[in-house]
Amino acid sequence: MRTALVIGAGLVGTSAALALTARGVDVRLSDLDDSAARTAAALGAGSAVPPADTVDLVIVAVPPAHVAATLADAMTRGLGRGYLDVASVKGGPRRDLEALGCDLSAYVGTHPMAGRERSGPLAATEDLFEGRPWVLTPTPATDTDVLNLALELVALCGAVPVVMDAEAHDRAVALVSHTPQLVSSMVAARLEHAEDSAVRLCGQGILDVTRIAGSEPAMWMDILAANPGPVADVLADLAADLGSTVEALRALQSADDAKRRDGAAAVRDVLVRGRAGRAKVPGKHGAAPKAYEVVAVLIGDQPGELARLFADAGSAGVNIEDVRIEHSTAQQAGLVHLFVEPRSAPVLAAALRDRAWSLRP
């Protein structure tokens, strides 16, 4: 691939353009908002000057509702040898393209499974897709050369290609992406009118659950409007679990021993099934999840403290597999949870104590 045109200079489009430009591809940028294209160009994502000739690949990075019309226009104008979109929903745009009579041999639907809570070109990064799955949903008519262009794009962006059926993709993202967004938003909405005294008690649990609730509502409305059926199906199953759990918790208030036992069993069942489901989520580098030991270290909120902690862990010869930080609401301090291999935990704990770090159970 020598040339590409990115239509839509938002987070995903600009991130792809940055990655391609860094690897020597001549990228041109287009957006209905000229300032977005100019901003992306200023960031080094390519040029906002229209291409003089047909490009190798046209990448459409617009909201799902506008994908088909944008692709149809680009195809009519003959802008590229191959065309793909990066929308988070695949079935609807493909059906719309078919209804418009477009030539599907030059098209492949794709969806990079990467994003951020922020949107727009200023949120873009060259490494946004590094190591992330990038789904491709070719049609039976998709030309092999076009599919190879899409695979080359995925490789240049450092992502991992995953080939799926479009409808299966939409059901999958409803489960692992779209429904979690709504659930996070619904939990966060409970905090909107909560007493300040209650909100001050917020800990890591509520931060984890509500993190993605900070995403841009307009962007998510575009996504959910394009995949309402599969999301509603998942929410219906979730609502059934929620209803039975409410009944079980009410039973725990009963004076009847049998009802309390049944209620406790039902609540436990939800917790056990949740733990089993969580265990299926891929671990580090997409491998099977592993059990790590946690070494919890109290650090002050001063510049250089975290770097010093990591340096001391490195000096001990211990690899940090993961890290989480729990910030104190009452003092300028935080609790850093260092996830390490079980055999490395005693070594790390001893080394950190020797270096005067304060560890917590």
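In this structure, the side chains of Asp53 and Val55 stay at 4.5 Å or more apart for every pair of heavy atoms. Side-chain contact check for Thr3 versus Val25: every heavy-atom pair is 4.5 Å or farther apart. Counting only heavy atoms from C-beta outward, the side chains of Val108 and Tyr83 never approach each other to under 4.5 Å. Proximity of Val12 to Pro112: side-chain heavy atoms (C-beta onward) are separated by under 4.5 Å at one or more points. Taking the side chain as every heavy atom from C-beta outward, Pro138 and Val163 approach each other to under 4.5 Å. Side-chain atoms of Arg273 and Asp241, non-hydrogen and from C-beta on, do get closer than 4.5 Å to each other. Contact check for Val86 versus His111: no side-chain heavy atoms found under the 4.5 Å cut-off. A heavy-atom distance below 4.5 Å is found between the side chains of Ile206 and Val187.
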- Kindly indicate, with the supporting measurements, whether the criterion side-chain contact (heavy atoms from CB on, under 4.5 Å) is fulfilled by Leu182 and Leu224. CA-CA 9 Å; Leu182 279 173; Leu224 294 169; 3.8 Å; yes

- Message: Quick one, Arg308 with Glu305, criterion salt bridge (Lys or Arg N to Asp or Glu O under 4.0 Å). Give me CA distance, side-chain angles, the key distance, then yes/no.
- Response: CA-CA 5 Å; Arg308 186 166 67 88; Glu305 283 292 274; 3.3 Å; yes

- Task: Show the numbers, then the answer: is there a side-chain contact (heavy atoms from CB on, under 4.5 Å) between Leu271 and Arg275?
- Result: CA-CA 6 Å; Leu271 296 173; Arg275 187 174 185 179; over 6 Å; no

- Item | CA sep, side-chain torsions, deciding dist, call: Ser177, Gln181, side-chain hydrogen bond (donor to acceptor under 3.5 Å, both in side chains) | CA-CA 6 Å; Ser177 176; Gln181 174 64 44; over 6 Å; no

- Message: Walk me through whether Val173 and Val135 qualify under side-chain contact (heavy atoms from CB on, under 4.5 Å).
- Response: CA-CA 11 Å; Val173 293; Val135 178; over 6 Å; no

- Does the pair Leu352 and Val297 meet the rule for a side-chain contact (heavy atoms from CB on, under 4.5 Å), with working shown? CA-CA 9 Å; Leu352 294 180; Val297 186; 3.7 Å; yes

- Step by step, work out the side-chain hydrogen bond (donor to acceptor under 3.5 Å, both in side chains) result for Asn148 and Glu152. CA-CA 6 Å; Asn148 286 338; Glu152 186 177 357; over 6 Å; no

- Please walk me through it: do Asp256 and Ser254 pass side-chain hydrogen bond (donor to acceptor under 3.5 Å, both in side chains)? CA-CA 5 Å; Asp256 186 296; Ser254 174; 5.3 Å; no

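No donor-acceptor pair under 3.5 Å is formed between the side chain of Thr179 and the backbone N or O of Leu175. Without hydrogens or angle criteria, Asp143 side chain to Ser105 main chain gives no donor-acceptor distance under 3.5 Å. Formation of a donor-acceptor pair under 3.5 Å by the Arg94 side chain with backbone atoms of Thr139 is not found in this model. Side-chain N or O atoms of Asp31 include one that pairs as donor or acceptor with a backbone N or O of Ala9 at under 3.5 Å. Counting only distance, with no hydrogens or angles, the side chain of Ser184 and the backbone of Pro180 share no donor-acceptor pair below 3.5 Å. Counting only distance, with no hydrogens or angles, the side chain of Ser47 and the backbone of Arg28 share no donor-acceptor pair below 3.5 Å. In this structure a side-chain-to-backbone donor-acceptor pair under 3.5 Å is missing from Arg360 to Ala296. Listed for the Arg132 side chain is a donor-acceptor partner under 3.5 Å among the backbone atoms of Met113. Checked by atom type and distance alone, the side chain of Glu321 never pairs as donor or acceptor with a backbone atom of Glu341 at under 3.5 Å. In this structure, Ser15 contributes its side chain and Glu126 its backbone to no donor-acceptor pair below 3.5 Å.
Interatomic distance, OH of Tyr292 versus CG of Asp322, reported as 8.0 Å (0.5 Å rounding). Here the CG-CG distance, from Leu20 to Leu57, works out to 8.0 Å after rounding to the nearest 0.5 Å. Rounded to the nearest 0.5 Å, atoms CG (Leu18) and CZ (Phe129) are 9.0 Å apart. Remark: Thr110 OG1 to Ile59 CD1 distance equals 8.5 Å, nearest 0.5 Å. Interatomic distance, CG of Leu335 versus CD1 of Ile299, reported as 9.0 Å (0.5 Å rounding). Between the CG atom of Asp165 and the NE2 atom of His169 there is a distance of 10.5 Å, given to the nearest 0.5 Å.
In Met186, the CE atom is crowded: over 12 heavy atoms of neighbouring residues, nucleotides or ligands sit closer than 6.0 Å. Within 6.0 Å of atom CZ in Arg268, 12 or fewer heavy atoms from other residues, nucleotides or ligands are found, so the atom counts as exposed in its surroundings. For CZ of Arg250, the number of neighbouring non-hydrogen atoms (other residues, nucleotides, ligands) closer than 6.0 Å is 12 at most. Summarising the local packing, CG of Leu252 is surrounded by more than 12 heavy atoms from other residues, nucleotides or ligands at distances under 6.0 Å.
A salt bridge is absent between Asp208 and Arg324; no separation between the charged side-chain nitrogens and carboxylate oxygens falls under 4.0 Å. Taking the charged nitrogens against the carboxylate oxygens, Asp85 and Lys90 do have a contact shorter than 4.0 Å, which makes a salt bridge. The existence of a salt bridge linking Arg200 and Glu195 is excluded, since no basic side-chain nitrogen approaches an acidic carboxylate oxygen closer than 4.0 Å. Ion pairing between a basic and an acidic side chain is recognised when a charged N comes within 4.0 Å of a carboxylate O; Lys259 and Glu247 show no such pairing.
Cluster membership check: Val6 shares its hydrophobic cluster with Met1, using side-chain heavy-atom separations under 4.5 Å among Ile, Leu, Val, Met, Phe, Trp and Tyr. Both Val347 and Leu309 are assigned to one and the same hydrophobic cluster, defined by single-linkage of ILVMFWY side chains at heavy-atom distances under 4.5 Å. The cluster map of Ile, Leu, Val, Met, Phe, Trp and Tyr, joined by side-chain heavy atoms under 4.5 Å apart, puts Val58 and Val146 in different clusters. Transitive grouping of hydrophobic side chains (ILVMFWY, heavy atoms separated by less than 4.5 Å) brings Trp134 and Leu156 into a common cluster. If you chain together hydrophobic residues whose side chains sit under 4.5 Å apart, Leu147 and Leu71 never meet in one group.
Annotation for Ile223 and Val89: closest pair O-CG2, 3.9 Å, computed over non-hydrogen atoms. Summarising the geometry of Ala123 relative to Leu11, their closest heavy-atom pair is O-CD1, 3.4 Å, with the distance given to 0.1 Å. Taking both residues in full, the closest heavy atoms of Ala174 and Asn227 are given as CB-ND2, 3.8 Å, listed atom of the first, atom of the second, then distance. Shortest non-hydrogen contact noted between Leu43 and Pro121 is CD1-O, 3.3 Å. Between Pro64 and Pro93, the shortest heavy-atom contact is O-CG, 4.2 Å. Of all the heavy atoms in Leu136 and Pro161, the pair that sits closest is CD1-CB, 3.8 Å.
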